[in-house]
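Some notes on the structure that comes next.
Since we're looking at a predicted model, the values are computed, not measured.
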Amino acid sequence: MAPAAPMPDILKHALELLQKLVPARFRADIPVVPVVRLSGVIGVITPLRPGLMLSTIARSLERAFATRKARAVALIINSPGGSPSQSHLIFRRIRQLAAEKKLPVIAFVEDVGASGGYMLACAADEIICDQFSIVGSIGVVGGSFGFPKLMEKLGVERRLYTAGERKVMLDPFLPEKPEDVKRIKTIQKDIHENFIALVKERRGNKLKSNEKTLFSGEFWTAQTAIDLGLADRIGDLRSILRERFGEKVRMPLVAADRGFFGRRIPGLGSLDALTRQPGLADDLISALETRALWSRYGL
């Protein structure tokens with residue numbers, strides 16, 4: 001059988017020209033790394049403004065991992081933490097999708113990747129920070145207010161009816177009981193131990209310090225976090241992805257779905273919140289709690 005005739009130069013040039021006319025998103029020769037932003041306090045909800053939860057981010061994650069010709073998935077993380085369960089649910093979904101699609105995951109920490117925000121970063125195979133990023137805070141915190149003396153001063157009588165002796169544990173209008181504090185600390189210890197196990201599993205031999213330091217709840221700037229093995233290197237999304245996948249790499253941001261008025265479409269958990277229509281006091285308390293979480297890291 002005679003060998004195939006070489007392609008004429010004019011045909012080669014024509015094909016190259018046609019290829020250039022094809023939009024970048026349809027070209028198989030251009031690498032793609034979809035980007036998902038994980039930003040804000042985790043699990044905090046106010047009406048029409050859902051926090052970072054699995055229900056608000058699941059579609060974006062699924063679309064990112066389903067991107068045709070994707071070479072990896074990038075996560076932009078900027079979170080001071082929040083709900084441990086929502087942090088873990090998002091973490092698990094990322095790992096499930098990464099395993100299904102066999103794609104590496106790269107996390108880029110902006111201002112903060114701490115507490116639950118660091119748990120999200122651990123879903124990545126590599127954690128990259130800005131030199132001013134705050135990283136760590138591997139611990140558990142909880143708090144409330146107590147008003148029993150104020151109730152007494154105001155002459156307000158507390159009437160509470162329950163079934164179950166621990167149902168009013170840590171009620172802010174009743175005096176604090178040592179046994180209740182002990183109980184909540186036991187729960188926090190369980191959560192902390194699970195968090196520690198997750199970090200050990202994901203970071204493995206990269207961890208370079210003793211557990212007392214790493215898991216004390218302390219947080220650090222990027223270079224110290226790298227020295228401790230909690231992060232891998234300093235860099236930014238555009239530079240790192242171009243260095244790794246070439247100058248032409250596409251980095252489409254996979255944003256959350258938007259409603260008619262431009263707000264994020266809430267998940268099932270948020271729909272219930274919308275029907276409650278809390279007042280200004282509830283919104284103010286939520287705003288203060290959110291502000292307190294960010295300010296813990298000097299922001």
Side-chain angles (χ1 to χ4, degrees), residues 24-25 27-40 42 52 57 60-81 87 90-91 93-138 198-199 201-208 219-256 297 299:
R25 64 181 180 275
R27 290 178 57 179
D29 62 319
I30 296 181
V32 180
V33 179
V35 179
V36 179
R37 177 174 284 278
L38 301 175
S39 181
I42 302 167
L52 184 58
I57 200 65
S60 298
L61 291 172
E62 287 161 7
R63 283 161 49 202
F65 279 94
T67 301
R68 291 180 69 253
K69 307 294 183 182
R71 301 278 294 277
V73 171
L75 307 174
I76 297 177
I77 293 173
N78 197 5
S79 174
S87 303
I90 297 170
F91 166 90
R93 180 62 61 88
I94 293 168
R95 293 313 312 154
Q96 288 165 355
L97 290 168
E100 288 171 13
K101 303 297 182 179
K102 295 181 174 57
L103 286 174
V105 181
I106 309 168
F108 294 87
V109 178
E110 293 188 326
D111 300 288
V112 179
S115 194
Y118 183 69
M119 187 184 292
L120 299 183
C122 283
D125 302 294
E126 188 175 2
I127 301 174
I128 297 170
C129 310
D130 180 80
Q131 67 187 79
F132 296 109
S133 297
I134 299 295
V135 179
S137 191
I138 302 167
L198 182 149
V199 174
E201 178 189 347
R202 293 299 302 157
R203 298 300 296 172
N205 294 330
K206 293 180 180 179
L207 298 174
K208 301 170 187 173
F219 50 88
W220 303 272
T221 51
Q223 188 56 58
T224 304
I226 292 167
D227 294 340
L228 293 170
L230 295 174
D232 295 293
R233 62 180 290 189
I234 288 173
D236 64 274
L237 182 138
R238 187 172 183 271
S239 299
I240 295 294
L241 294 187
R242 293 183 78 176
E243 170 193 304
R244 195 158 301 177
F245 300 104
E247 293 291 318
K248 293 183 179 181
V249 61
R250 289 183 58 244
M251 298 165 274
L253 179 64
V254 184
Y297 305 102
L299 298 171

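- Looking only at side-chain heavy atoms (C-beta outward), Leu120 and Val109 stay at 4.5 Å or farther from each other.
- In this structure, Tyr118 contributes its side chain and Phe219 its backbone to no donor-acceptor pair below 3.5 Å.
- Separation of atoms CG (Leu241) and CG (Asp236) is listed at 9.0 Å; rounding is to 0.5 Å.
- The main-chain N or O of Val249 is never found under 3.5 Å from a side-chain atom of Arg242 such that the two would form a donor-acceptor pair.
- For the pair Arg63 and Ala255, the tightest heavy-atom approach, listed with the atom from each and the gap, is NH1-O, 3.2 Å.
- In this structure, the side chain of Ser79 engages the main chain of Gly40 through a donor-acceptor pair within 3.5 Å.
- Between the CZ atom in Phe132 and the CD atom in Gln223 there is a gap of 12.5 Å [rounded to 0.5 Å].
- You'll find the side chain of Ile128 reaches within 4.5 Å of the side chain of Phe108, heavy atoms only.
- With rounding to the nearest 0.5 angstrom, the CD1 atom of Ile134 is 11.0 Å from the CG atom of Asn78.
- Contact record, Ser115 with Gly81: CB-CA, 4.2 Å, taken as the closest heavy-atom pair.
- Using a 4.5 Å heavy-atom threshold, the side chains of Arg71 and Arg244 count as separate.
- Across all non-hydrogen atoms, the minimal contact from Ser39 to Leu52 is N-CD2, 3.9 Å.
- Taking the side chain to side chain donor-acceptor pair (under 3.5 Å) definition, one finds that Arg37 meets it with Glu110, sequence neighbours left out.
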Val35 vs Val254, side-chain contact (heavy atoms from CB on, under 4.5 Å): CA-CA, chis, key distance, verdict | CA-CA 6 Å; Val35 179; Val254 184; over 6 Å; no

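- In terms of modelled atom types and a separation under 3.5 Å, the side chain of Ser87 and the main chain of Met119 share no donor-acceptor contact.
- Here the closest non-hydrogen pair linking Ala225 and Val135 is CB-CB, 3.8 Å.
- Taking 4.5 Å as the limit, every side-chain heavy atom of Leu230 sits out of range of all side-chain heavy atoms of Lys206.
- The side-chain heavy atoms of Asp125 and Ile106, taken from C-beta on, include no pair separated by under 4.5 Å.
- Between the side chain of Arg68 and the backbone N or O of Val32 there is no donor-acceptor pair closer than 3.5 Å.
- Checked by atom type and distance alone, the side chain of Arg203 pairs as donor or acceptor with a backbone atom of Gly229 at under 3.5 Å.
- Here the side chain of Arg95 pairs a donor or acceptor atom with the backbone of Ala123 at under 3.5 angstrom.
- With hydrogens and angles ignored, the 3.5 Å screen pairs a side-chain donor or acceptor of Asp232 with a backbone N or O of Ile127.
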